[in-house]
Amino acid sequence: MSRSAHPAGPRHADVLPEGHYFAPPADLNALDPKVWAHTVGRNADGVVAVGGIDVKALAEQFGTPAYFIDEADFRARARAWRTAFGPGADVFYAGKAFLSRAVVRWLYEEGLNLDVCSGGELATALSGGMPADRIAFHGNNKSTEEITRAIESGVGRIVLDSFQEIVRVAHIASSLRRRQRVQIRVTVGVEAHTHEFIATAHEDQKFGIPLADGQAAEAVRRALQLEGLEVIGIHSHIGSQIFDMSGFEVAAHRVVGLLKDIRDEHGIELPEIDLGGGLGIAYTSDDDPREPHEIAKALTEIVSRECEAARLRTPRISVEPGRAIVGPTAFTLYEVGTIKPLDGLRTYVSVDGGMSDNIRTALYDADYSVALVSRTSDAEPMLVRVVGKHCESGDIVVRDAFLPADLAPGDLLAVPATGAYCRSMASNYNHVLRPPVVAVNDGEARVIVRRETQEDLLRLDVG
Ligand SMILES: *Cc1c(COP(=O)(O)O)cnc(C)c1O
């Protein structure tokens, strides 16, 4: 059950009703390794450190709010995915989760490929040194410029999303005298969310070409006739923050069904299938994500089994984790500004960031955890809502959490698991300056995306 289904609640832990859905943790100073990056821990003096540097030193040097990314953890997770799938499959990191040139270099060095879905992401990928043939280009409305740039730079694949785009990409490729490797994105009628999925015939969303009514088969038929395209496979992405693998099972079954129809009609076996991303991470202690090796084993088995039943050669598999690699590797560090107890309800704790650096709570009703990280405390737990500084009552960072009752302005709070879809979705709402991303590794901290300045803001405003 989502905590946010219970918006109201008593302020102090000792008045929570028995068996309440949301009890205070036994130890407010404990850091659950499930939701924190690998190298995060408390020093002997009680201050939390990452990569060997404590958060007070980090706040002093880089200011707050700021994102701190544990480089060793990022590399370890990327490597775990790579190793789990082995040389017979490809792992494409979904750049939209968080992309910077440093991250591109880490991915390159760890042997991963990269998904982009805009000209800006493509430029970052190329500028960061990712070889173009390891880049896949996505999106449901790629511009002519974006397609041209992608083909000219030699991207490994373009994922085609509509009938118009099939013709458009073929035309641009032909006029550049290229033959572009493409996959066709299909919607298989599986809507997957966290712990359940719905299998339907039709899917009401903007991405891909429906399998239903023979539409995907028709798309393949047309693409195969176009000289500018080399059709290498079928792509399916079923959702995000998924824990239950059974949605992938239905998706793979349906995609393999299409591969079989293609073989029967055209006499060709497409060599690749992409099963997308969407694997869940732990935002709170309630979440139990799977390890990459379990996911790899499950997906590989599903595809082999389906192909065997259809008497098809097993295609090369690719996957596209974004959140599952970068999400857990970073936290956002905030300073407490004001504390406002509302008697009988809860205490509002305002921090120096908010919906401009983490829109996910407002946008998706996402759950996050939070901890006091600049010291330990023996005080009683109090029920809090951590909010930002924006002119919007929906500006919530953590809807319900417990923090020590002696919390005071100037204390540092950290929200873990903010590596994915926080900086990449950050905005300048209220002309707030977007926070920096600092990579911490082995006693060294380095800015990889600098803090925005008022000059940056005013540079765009031409008066
Ligand atoms: C968003 C997206 C992903 C990554 O999703 P995560 O939830 O971050 O793993 C992968 N593939 C496609 C096509 C996507 O749109």
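All ligand and atom numbering here is 1-based and tracks the order in the structure. This one's a predicted model, so the numbers in the text were calculated from it and none came from an experiment.
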Determine, for [X] against [Y], whether the closest basic-nitrogen to carboxylate-oxygen distance falls under 4.0 angstrom.
X	Y	result
Asp90	Arg316	yes
Lys297	Glu291	no
Asp54	Arg42	no

Considering only protein heavy atoms, which is closest to [atom], and at what distance to one decimal place?
atom	result
atom 14 (C) of ligand 1	Lys96 NZ, 2.9 Å
atom 3 (C) of ligand 1	His237 CE1, 3.5 Å
atom 7 (O) of ligand 1	Gly278 CA, 3.3 Å

(message) Show the nearest heavy-atom pair for residues Phe248 and Ile238, with the distance to one decimal.
(response)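 Smallest interatomic distance, heavy atoms only, reads N-CD1, 3.7 Å.
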(request) Locate the shortest heavy-atom distance separating Gly354 from Tyr334; write the atom from each residue and the value. (result) N-CE2, 4.1 Å
(message) Does Tyr368 form a side chain to side chain donor-acceptor pair (under 3.5 Å) with Arg360? I'd like the steps, not just the answer.
(response) CA-CA 9 Å; Tyr368 280 93; Arg360 292 191 67 259; 2.8 Å; yes
(message) Going by the rule side-chain contact (heavy atoms from CB on, under 4.5 Å), which residues pair with Ala102 if we only count those two or more places apart in sequence or in a different chain?
(response)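 Ala102: side-chain contact (heavy atoms from CB on, under 4.5 Å) contacts with Ser100, Arg105, Trp106, Arg446, Ile448.
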(request) For residues His138 and His235, establish whether the separation of their ring centroids is below 6.0 Å. (result)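 Between His138 and His235, the centre distance is under 6.0 Å.
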Taking only heavy atoms of [X], which atoms of ligand 1 are found under 4.0 Å from at least one of them?
X	result
Gly277	9 (O), 10 (C), 11 (N)
His235	13 (C)
His138	13 (C)
Arg185	13 (C)
Ser240	7 (O)
Tyr421	1 (C), 4 (C), 5 (O), 6 (P), 8 (O)

Could you tell me whether [X] and ligand 1 have an N or O pair separated by under 3.5 Å?
X	value
Glu320	yes
Arg323	yes
Gly322	yes

